[in-house]
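By convention here, the first residue in the shown sequence is residue 1. Every heavy atom of this structure was used, including side-chain atoms; hydrogens, water molecules and symmetry mates were not.
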Amino acid sequence: MYFHCEEDVLLAEAGDCVLLKPHCRNDFLYLPGKKCAAFEIILNGSGLDGILQLYRLEQMLWCRIPDRRPFFDLLKRAGKLRSLREPITHRLAGCALEVIQLLSQAGADRSSQSSIAQIRDELESRLHEKVNMGEIARKYSLCLPVLNRRFRETFGTTPYRYWKQFRLKRGAELLNRGLLIKEAAGMVGYENPKSFSAEFRRFYGISPQAYRGNSLA
């Protein structure tokens, strides 16, 4: 399903939540022949712009909802409130605020994933440098334990181990190309070829010399 918001036309997939900006031209553009089930929540009020800014949603166009059950629960609660005759404005406002909080959390998770991907790219570009993971964490406004946890959740290992393993993998590629062990070690940031050889053996279970010999045979 495509959606249009002012000058932006983006594709929304199953599980995405689309946030159409207030005071803008917004349209849903459905794909021909496709069926789409959608739920719609319209928020308004004099304080809406301030609330969106407070929760950093004023520029967000979409986000992926990892667990849609809380949204479905909110929709059911809001539907039940609408059927009541008693004044329930404040209770509906509470449901709306919960929706905004869920969207804000989903947006924060997406931003975090983007930062982790940027950190991975930076580590891969700094093979020949000494990398201080504490400095990397501070650069991206994270503490080191949080960086380690989020990186492990995304890539299955800590950033330091990822960086070391990536250097060794690149070193193996260079050996495959016929470079000498000393040359390969230097190009992936090892000043001492013996250190490179020791870590290479621990990672691959074979010495760089034997690995190079097998690849050139």
Side-chain angles (χ1 to χ4, degrees), residues 1-21 24 26 29 31 36 38 52-71 99-177 184-190 195-196 199-200 202-204:
M1 179 183 70
Y2 288 94
F3 68 97
H4 179 262
C5 181
E6 288 294 347
E7 301 301 323
D8 298 306
V9 177
L10 300 175
L11 174 64
E13 299 178 347
D16 289 344
C17 181
V18 178
L19 285 74
L20 300 180
K21 300 178 184 177
C24 295
N26 300 303
L29 308 172
L31 295 175
C36 176
L52 294 179
Q53 184 175 5
L54 177 65
Y55 285 92
R56 300 180 180 179
L57 296 176
E58 70 276 16
Q59 299 299 325
M60 186 186 295
L61 289 178
W62 69 275
C63 62
R64 176 159 291 273
I65 307 300
D67 184 0
R68 286 171 282 177
R69 288 173 297 181
F71 280 90
V99 169
I100 289 174
Q101 290 172 336
L102 287 171
L103 293 175
S104 178
Q105 181 60 50
D109 292 342
R110 188 183 71 175
S111 177
S112 173
Q113 291 173 357
S114 176
S115 296
I116 295 302
Q118 291 176 10
I119 292 171
R120 176 205 58 193
D121 293 343
E122 179 171 342
L123 294 176
E124 291 182 359
S125 70
R126 299 177 61 180
L127 293 182
H128 59 285
E129 303 178 28
K130 291 183 178 180
V131 176
N132 185 308
M133 293 302 164
E135 292 178 359
I136 293 288
R138 288 190 293 273
K139 178 179 177 180
Y140 290 88
S141 301
L142 299 169
C143 65
L144 188 55
V146 171
L147 169 59
N148 286 335
R149 175 175 57 82
R150 292 183 179 176
F151 200 97
R152 187 184 295 109
E153 290 172 351
T154 304
F155 297 110
T157 187
T158 64
Y160 182 70
R161 287 184 178 177
Y162 182 94
W163 178 66
K164 287 186 66 175
Q165 292 174 4
F166 189 82
R167 293 167 78 197
L168 294 171
K169 291 176 182 178
R170 184 58 56 85
E173 292 176 5
L174 296 173
L175 293 175
N176 276 330
R177 297 177 189 174
M187 292 184 67
V188 294
Y190 285 86
S195 297
F196 171 74
E199 293 193 10
F200 192 98
R202 280 195 293 269
F203 184 67
Y204 282 102

Give, for atom CZ of F155 and atom CZ of R120, the distance between the pair rounded to the nearest 0.5 Å.
4.0 Å
Straight-line distance of L168 CG to F196 CZ, nearest 0.5 Å
6.5 Å
In short, T157 meets F151 closest at the heavy-atom pair O-CD2, 3.2 Å
Are side-chain heavy atoms of Y204 and K169 found at a separation under 4.5 Å?
yes
Please step through side-chain contact (heavy atoms from CB on, under 4.5 Å) for the pair M133 and L123, ending with a clear verdict.
CA-CA 10 Å; M133 293 302 164; L123 294 176; 3.7 Å; yes
Within 6.0 angstrom of R149 CZ, more than 12 heavy atoms from elsewhere
yes
Look up atom CG in L144 and atom CD1 in I136, then write down how far apart they are to the nearest 0.5 Å.
10.5 Å
About how many Å separate CG of L174 and CZ of R170, when rounded to the nearest 0.5 Å?
7.0 Å
Per the side chain to side chain donor-acceptor pair (under 3.5 Å) rule, which among E129, E124, H128 passes with R126?
E129
Aromatic plane relationship, F166 with Y162 - under 30° parallel, 30 to 60° tilted, over 60° perpendicular
parallel
Taking every heavy atom of C143 against every heavy atom of A137, the minimum-distance pair comes out as C-CB, 4.0 Å
Shortest non-hydrogen separation from G171 to V188 and the atoms involved:
N-CG1, 3.7 Å
Lys/Arg-Asp/Glu bridge criterion (N-O < 4.0 Å) met for E122, K139:
yes
Carefully, step by step, assess Y140 and R150 under the rule side-chain contact (heavy atoms from CB on, under 4.5 Å).
CA-CA 12 Å; Y140 290 88; R150 292 183 179 176; over 6 Å; no
